[in-house]
Structures are given as structure tokens and as C-alpha cells.
There are 2 protein chains.
Amino acid sequence: MKTMKEIAKMAGVSQSTVSRVINNNPNVNPEIKRKVLEYIRKYNYQPNRMARSLVKNKSFLIGIVLPELTNPYFPEILESLEEEANYYHYNIVLSITYGSLQREKEQIEMLLSRRVDGLIINPTDLSHVEHITKIKSILPTVICAQDLDGFDYVTVDHYLAGKIVAKYLINKGHINIGYIGYLKDKKLKGFYEEIIANNLNFNEDNYLVAPEEISDFTKSSEKKLLTKIIDNNITAVYTINDIIATKVINILIKNKMKVPDDVAVVGFDNTIICNLTNPPLTSVAQPTREIGRKSVDILIKKIEKTNAHTEYNLDQIFLPPRLVIRKST
Amino acid sequence: MKTMKEIAKMAGVSQSTVSRVINNNPNVNPEIKRKVLEYIRKYNYQPNRMARSLVKNKSFLIGIVLPELTNPYFPEILESLEEEANYYHYNIVLSITYGSLQREKEQIEMLLSRRVDGLIINPTDLSHVEHITKIKSILPTVICAQDLDGFDYVTVDHYLAGKIVAKYLINKGHINIGYIGYLKDKKLKGFYEEIIANNLNFNEDNYLVAPEEISDFTKSSEKKLLTKIIDNNITAVYTINDIIATKVINILIKNKMKVPDDVAVVGFDNTIICNLTNPPLTSVAQPTREIGRKSVDILIKKIEKTNAHTEYNLDQIFLPPRLVIRKST
DNA sequence: CTGAAAGCGCTTACAG
DNA sequence: CTGAAAGCGCTTACAG
């Protein structure tokens, strides 16, 4: 690749002039500009962005740190992060931690040394974030798809999702509704509160099985699930994600129960799976694209503010979930 | 962030010495080294990699160009690309084209101007690759998960996959086997040749429907599929991917046919979906992790060779597929 | 409108 | 073992 100096020499002008042409500085003689552009095209010259970044102290690079890409949820977010960043002429340096805190720390240092202009991260472990706290003070940082006190973040409102699902199922006439998920999950909190608010019961009988029991899919957990459903006359089940939901459907059908006639099933994440199950799965859609987009918007706002040392407001955004109704309910 | 100069001043040494400490140059007085490191730690100094890249004319950055991340296949590859690159201390600049040739061109230029050391790309359109051909001559480039004459590439052996599936189904006693996919696909070629080699018939009756017809899933395409299956006594279907396979299963079951008793179904890609269908789906696994790993290995080999201007051999690698047998066959 | 010069933050011969 | 100086490829006051 040629350098600016070489282009300048060939065009018979100074390096400054070539620089002006490239940066579209209006103070250039059109005739000269034409000639310089000619050489630039001829040699397919691309200015070295690293050199530019060095001078301008700005890389137009955003560091993205994600735990994994196996769950289809993250690729969707990543796509929208990339797309939105591109819109602002930023590019993305991707790093994946595979759930290793050690790696997360190393990768953040790497991104720092590469002088990214900002960081978007989905932390591996919300109870170990000191390194992120530290970074935050020297680099604009946004937490993506999680909420973390003291940070800027963009995430879906799990609490609201729970309420929406409960409301929907109650309206459909369900009285005994089961839940398969974690107890500490905000999905449950909203769900529970809405059920109680409607004077329905929700106790440990409604907490059917742990997600792991479904994932492992043993005979005994299958039996436990069915027993709980039958004994408590459960007619609807709210699950923590589409994969669990699909397994529940398969267990029910295998045991001659009808979905949704005997038991309705609701998934979470609204993944591609929903259209493939039989019947198609009702599921809570996270606004993944918007989470990605918003994360970038906020980050870039912070980046540009950094120079102007304006006020420091935290952006903490909960985006609304959306229930996508299909045949399983 | 402090600069090397500032660290040097505080430590009372020259910038050269700080540089030597950072680069682990053995010719540094241990006592001085200790002191320098102290300041580096104290201020959490991270050397500016851009400046270093500028001097060394090497960025330790690899450009990755993929068409999308929606198909779970690409995130898997991306994960292994990132992991392997990291192993060699390279990082990844990710760009997604969304199937736009225009965008592909722009992104490649961008990567070029960022002075990535090499490029791994899954081209959007194999019939428009002039811009990639051009880049190849100035930047080490590897085609990932596709085969393209004249380029280095790593991909799965689709032809072999076809043969493996045909062999398997024939061994299972199937005589009339259907195919849902594209005619120009190498998956079909190997499949077809194996069937013919076994003195079985394969003509347009066995080419059931186009994948699009299944995707759109209209009444008429459904009818067409069923008619073809029944009229030709088809007892097994080889499909182009797991999504199509799942839809086929759902159509069959809806029409009171049994899988695999009446019709066996084989998918492709061995995605997470396979364990969720009912019955679980037999599918061809692509060695995605290995495709990613190999792509990086080859690229880095090229990158390091570039300096040594050694011989120019093309690495064109077909990796073997693996049939994962489940209950649908 | 144009060019010479300084400087961004590093590395690396070179001389000592 | 150490430092001063040049240079990587740009941008940007500054002077004209």
C-alpha cells in the first residue's frame, strides 16, 4: 500500500494537500484536487487509519465483550450492535469470554491498549464487576442486556414481561398457572405479583421443576413435572426460555396431553424455534435489535460528550418486551 | 491514560528503557526494570497498540467478513475464529454484510484502511468476487466455509456429505429417497452419485419441492410434497438444512404420517433444533469449530510467510462432515 | 489555496 | 545496560 507521502510526490503536491483532499477540506484548488484523486484511485490508496487515530486520539473502534454466541440471543444483539456502530462509522472489535472472568479482564485490557473509544459489555458475572467499574472511569462503557447499578445499561424489562404473561394467561381463563425457571429471576417477580393481584394462588406447587431438570430430561423429572401438573390442575406453563418450552411441549404430547387444550405453554426469547414447534410456540420477544441499537446510541453519546465534559447522567433503560402469540396458548 | 514518555519521566529513565521493559527486552538492569514496572502498575499504564502497530507495520488484527449471524451456523464459526485468533494473540474486527455486495466492498476497504494483517471472509455472492480477488494480492485472505477456485479456503465437504447420507439411507433399506434442496448444490451431487451407484432410481420425481416452497409453507406446496411422497412411495427425505427438515416433519405428522416409520427425515447442520423436534432429527454436522480454527491457522501461516516471501501454495481444505443419527431415521 | 514543520506514542538501530 | 534520535503515516496549526 502506498503512503500519503508517495501519493503527494507523484501528484507533485505536499502531503498536507493530499491530506486535505482525503478529508474533504474545501480549501483545495479543484484542479489539484482532481489530480490528487486521480493518483489515489490509480493506486487504490487507502489512508492508514491507525496513523490518523494516533494523531486524533480517536480510533472509531468500539470494543464488544460478550460471554458467548451459542445462545441465538447474543448473535442477534451483536448484529444490531455492528449495524448501528457502522451507521456512525465506528467499527467493532469483538471479544468473547466464554464465561471466564479472567478472560474478561484480559480482553478489556486488550481493548484498552487498542484505544477503543468505548466499551459495550455483557458481563460474565454480575457479582464480579470491579474491573468494569475501574474501566468505566477511564472509558465510556455501556452494559448490554443486563442491569447493573451505577452503570449505563440497556436491557429488557423482565419484570414487566412476567406481568404481561400472567395477565395474558389469566385473561385466557387460566386459574392454576405453573412456572419453570429460577426463583431469583425478575421474570418470576412480575409474574407472581400479577397473579397474586388477581387473587389467584401461587405457591411451591406452581413452581413445577427447575430448568436443569428439564434440560437433563430424566424419567424422574418428567414424572415430577406431569404429577405436579395433574395434581394441581395446572392448565398453563410459563417457561424461562424457548428451549425449555419446547421440551415441555414434547413431554406433554408424549404423555397424551394436548397443547394448548390441556396445557398451554409460553416460551421466552421468541427465537427461530417458535415457528418450528408443533404447535408453534407463544413466546416473549426481547427487543434484541433495539437493545443493540440503543446500547450503541448511548455509548456514542457518551463518547462525544467525553470531550465536552458535560454533565454525567446515567442512562438506565428498560425496554418493553412483547408477547408473540402463537398456537401453543 | 499515561504515555510512555510520562512513565519514563516519573521513573527517571529514558523512553527507550520503558519500551524495553514492556517488550521484555533482557538487556535491562533488573533494579531499573522493577522500578519501571512499579510505575506502570501504579498508573495502570497500557502501551498504545496503535502506535506500536504503526512502527512495526503490523496490527495483530484480523478482519472477519460474514453475511449474517441469524443462521446459528455463523456464530459457531465466529466463536471459533475468535478463539483461535486469540490464541495467536490476534484480535478480530467484525463486519457483517447482510448479503449486500456493496457493503462487502466497503467493509473490505475499511479493513484495509485499518491495516488488518489478514482477512477471513465468507463471500456474499460467489459469482461476484472481483473485489476479493483484488484484495487477495495485497492482503492474506482465506475464504471460510465456501470453496472458491484460486483462493485459500476451508469448508465442509458437501459432496461427501451427500454420499454419506445416501449410503446411510440405502443401508437402512430405503429404495425411493427424496431430496429437498437446490439442484446446483454439491450436497445433491454426492447424494445422487451414490444412489445411482447403488442401482437405484433418482429422477425429478425424487426432487420433491424447492426449499422456498417449504419455507413459505403454503397449502399447495404442502399438497405437492405429500403427493410426490405418496405417489412415488418415498420413504426417506434428505433436506438442505434443519429448519426445512423440521417443517417437513411437522407437515408429515399433521397429515397422519409417522416419522420415521412412514418417512425418515434427515436434516443438515446439526443445529440445536435437532434435539427439540419430535422425533429428534438425524442431521449432518458440519465441523464448524474446525472450519473456524483451520481458517485462522492458514491465515496466520500466510501472514507470517508474507514477510519471508516463501513459496505461494494454496491451501484448499475440505473437512469431513459427520452424520449424527437420531430418532427421525 | 499551499507547504514546511511539529507532533501523536511508540520502536529500534546506533553510539557509548 | 542506557539514551538520543530518527522514523512509522498521518493531521494541523502556522506562515505565507
Side-chain angles (χ1 to χ4, degrees), chain A residues 1-37 39-40 43-61 89 109-117 138 307, chain B residues 1-37 39-40 43-61 89 109-117 138 307:
Chain A
M1 174 79 36
K2 291 260 175 296
T3 70
M4 197 174 246
K5 205 170 164 186
E6 295 173 292
I7 297 289
K9 189 182 220 170
M10 292 188 294
V13 298
S14 76
Q15 201 181 122
S16 318
T17 298
V18 177
S19 177
R20 289 193 188 96
V21 169
I22 281 169
N23 292 294
N24 253 310
N25 184 318
N27 299 332
V28 181
N29 181 318
E31 192 50 32
I32 291 192
K33 180 169 183 172
R34 203 195 45 69
K35 204 206 298 177
V36 169
L37 282 175
Y39 281 96
I40 287 178
Y43 292 98
N44 210 331
Y45 167 71
Q46 295 277 357
N48 185 330
R49 294 255 251 150
M50 302 214 140
R52 179 185 297 180
S53 296
L54 191 58
V55 179
K56 308 198 69 158
N57 193 24
K58 161 126 193 166
S59 64
F60 279 95
L61 241 26
H89 300 103
E109 305 242 296
M110 176 279 286
L111 292 168
L112 201 61
S113 79
R114 288 207 181 273
R115 297 297 187 271
V116 296
D117 293 332
I138 56 178
N307 308 323
Chain B
M1 176 80 36
K2 290 260 174 299
T3 71
M4 198 173 244
K5 206 170 162 186
E6 295 173 293
I7 298 289
K9 189 180 222 171
M10 293 187 296
V13 298
S14 75
Q15 200 179 124
S16 318
T17 298
V18 177
S19 177
R20 287 192 189 96
V21 169
I22 281 170
N23 294 292
N24 252 310
N25 185 318
N27 300 331
V28 181
N29 181 319
E31 192 51 33
I32 291 193
K33 180 168 184 173
R34 203 194 47 67
K35 204 207 298 176
V36 169
L37 281 175
Y39 281 96
I40 287 178
Y43 291 98
N44 210 330
Y45 167 70
Q46 295 278 354
N48 185 329
R49 294 257 251 149
M50 302 214 142
R52 178 186 297 180
S53 297
L54 190 60
V55 179
K56 307 198 69 156
N57 193 26
K58 162 129 193 164
S59 65
F60 279 95
L61 241 25
H89 300 103
E109 305 242 295
M110 176 279 287
L111 293 167
L112 202 60
S113 77
R114 288 207 183 272
R115 297 298 187 271
V116 296
D117 293 332
I138 56 180
N307 308 322

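So that the names make sense, note that chain A is the first sequence line, chain B the second, and so on, each numbered from 1. Computed over heavy atoms, backbone and side chain alike; hydrogens, waters and symmetry mates excluded.
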*Considering heavy-atom distances to DNA chain D, does A:Met4 or B:Pro26 have its closest nucleotide positioned more toward the 5' end?*
B:Pro26
*asked:* If the cut-off is 4.0 Å, is B:Asn27 near the phosphate of D:dC1, judged by side-chain N/O to OP1 or OP2?
replied: yes
_Distance in angstrom units between A:Lys9 NZ and C:dT2 P, rounded_ = 20 Å
*asked:* Taking A:Arg34 first and then A:Glu31, would you say they form a salt bridge - that is, a charged N and a carboxylate O separated by under 4.0 Å?
replied: yes
*Side-chain contact, heavy-atom cut-off 4.5 Å: A:Leu61 with A:Asp117?*
no
*Interatomic distance, A:Arg114 CZ vs C:dG9 P [rounded to whole Å]*: 18 Å
*Relative to B:Tyr39, does B:Lys35 satisfy both conditions: NZ or CZ under 6.0 angstrom from the six-membered ring centre, and within 45 degrees of the ring's axis?*
no
*What nucleic acid atoms does B:Asn57 come within less than 4.0 Å of, heavy atoms only: base, sugar-phosphate, or nothing?*
nothing
*Taking CG from B:Asn48 and C1' from D:dC8, how many angstroms apart are they, rounded to a whole number?*
13 Å
*Roughly, in whole Å, what's the span from CZ in A:Arg52 to P in C:dC10?*
21 Å
*Would you say a side-chain N or O of A:Lys33 is under 4.0 Å from OP1 or OP2 of C:dC1?*
no
_Position toward the 5' end of DNA chain C (nearest nucleotide), A:Leu54 or A:Gly12_ = A:Gly12
*Would you indicate, yes or no, if D:dC10 has its OP1 or OP2 atom less than 4.0 angstrom from a side-chain nitrogen or oxygen of A:Tyr45?*
yes
_Nucleotide opposite C:dA13 in a Watson-Crick or G-U pair, distances under 3.5 Å_ = none
*Does B:Lys2 make a cation-pi contact with B:Tyr43 (under 6.0 Å, within 45 degrees of the axis)?*
yes
*Could you tell me whether the phosphate oxygens of D:dC8, OP1 or OP2, come under 4.0 Å of any side-chain nitrogen or oxygen in B:Lys58?*
no
_Base, sugar-phosphate or nothing for B:Arg20? Non-hydrogen atoms, less than 4.0 Å._
base
*asked:* Restricting to non-hydrogen atoms, name the atom on A:Arg49 and the atom on A:His89 that form the minimum distance, rounded to 0.1 Å.
replied: NH2-O, 4.4 Å
_Presence of A:Ser19 side-chain N/O under 4.0 Å of D:dC10 phosphate oxygens OP1/OP2_ = no
*Are any of A:Thr17's side-chain N or O atoms less than 4.0 Å away from OP1 or OP2 of C:dG3?*
yes
*Between P of D:dC10 and CZ of A:Arg115, the distance in whole Å*: 20 Å
*Can you tell which of C:dG7, D:dT2, C:dG9 lies closest to the side chain of A:Val55?*
C:dG7
*Touch check for B:Ile22, heavy atoms < 4.0 angstrom, all strands: base, sugar-phosphate only, or nothing?*
nothing
*For the pair made of CD in A:Gln15 and C1' in D:dG7, what is the distance, rounded to whole Å?*
13 Å
*Sugar-phosphate only, base, or nothing, as touched by B:Ser16 at under 4.0 Å among non-hydrogen atoms*: base
*Whole Å only: how far is the NZ atom of B:Lys56 from the C1' atom of C:dA13?*
13 Å
